[in-house]
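Below is one structure, written out as structure tokens; the observations come after it.
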Amino acid sequence: KLMEKQPIKSYGWSQLAQLYSPELTPAGASRQLRSWVAKHPTLLSLLHQDGWQKGGRRLTPRQVSILFDCLGCP
């Protein structure tokens, strides 16, 4: 069965993190997503180029698209 794709829209960091790691608490899911972003060879750079800053609580649809391209859809 194919998973339905998540819509490309603005998400809160914690909201998006919970889509990737629904089994974790919101804080744990946020830490996990931050870890994946930091370890990805180009993702952090691409997000910074698009105006995202560490600690940013909201991601634009374009930033969400960058995350999905690099990490895959949740």
Side-chain angles (χ1 to χ4, degrees):
K1 179 180 171 186
L2 289 174
M3 296 283 293
E4 197 172 315
K5 273 186 84 172
Q6 289 297 323
I8 302 291
K9 63 178 190 170
S10 178
Y11 286 94
W13 183 269
S14 181
Q15 179 187 19
L16 188 62
Q18 288 262 235
L19 291 175
Y20 277 103
S21 302
E23 72 285 359
L24 299 177
T25 65
S30 291
R31 280 192 301 274
Q32 179 65 67
L33 183 55
R34 275 196 305 273
S35 172
W36 290 342
V37 168
K39 290 176 183 173
H40 191 281
T42 56
L43 179 51
L44 191 56
S45 171
L46 291 171
L47 288 173
H48 284 157
Q49 287 172 25
D50 199 65
W52 182 81
Q53 294 181 347
K54 185 178 178 182
R57 292 159 97 60
R58 197 105 195 127
L59 294 155
T60 67
R62 181 171 163 79
Q63 292 163 350
V64 169
S65 180
I66 291 168
L67 267 161
F68 286 1
D69 285 346
C70 292
L71 297 179
C73 260

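Only this structure's heavy atoms are used, side chains among them; waters, hydrogens and symmetry mates stay out.
- No donor-acceptor pair closer than 3.5 Å links the side chain of Ser35 to the backbone N or O of Arg31.
- Expressed to the nearest 0.5 Å, how far CG of Asp69 lies from CG of Leu46 amounts to 9.0 Å.
- With values rounded to the nearest 0.5 angstrom, Gln49 atom CD is found 11.5 Å from Gln63 atom CD.
- Cys73 SG to Gln6 CD: the interatomic distance, rounded to the nearest 0.5 Å, is 7.0 Å.
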Scan the side chains in residues 12-23 for donor-acceptor partners under 3.5 Å anywhere in the protein, sequence neighbours excluded, and list what turns up.
from, atom 1, to, atom 2, distance (Å)
Gln15, OE1, Gly12, N, 3.1
Gln18, NE2, Leu24, O, 3.1
Tyr20, OH, Gly72, O, 2.5

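- Scanning both residues, His48 and Lys54, for their nearest heavy atoms gives NE2-N, 4.4 Å.
- A distance-only check finds no donor-acceptor pair linking the side chain of Ser10 to the backbone of Thr60 [under 3.5 Å].
- For the pair Tyr11/Leu67, no side-chain contact is recorded, criterion being any heavy-atom separation below 4.5 Å from C-beta on.
- Annotation: the span from Leu47 atom CG to Ile66 atom CD1 amounts to 5.5 Å, rounded to 0.5 Å.
- Contact between Phe68 and Pro7 at its shortest, heavy atoms only, is CE2-O, 4.1 Å.
- In Arg58, the CZ atom is crowded: over 12 heavy atoms of neighbouring residues, nucleotides or ligands sit closer than 6.0 Å.
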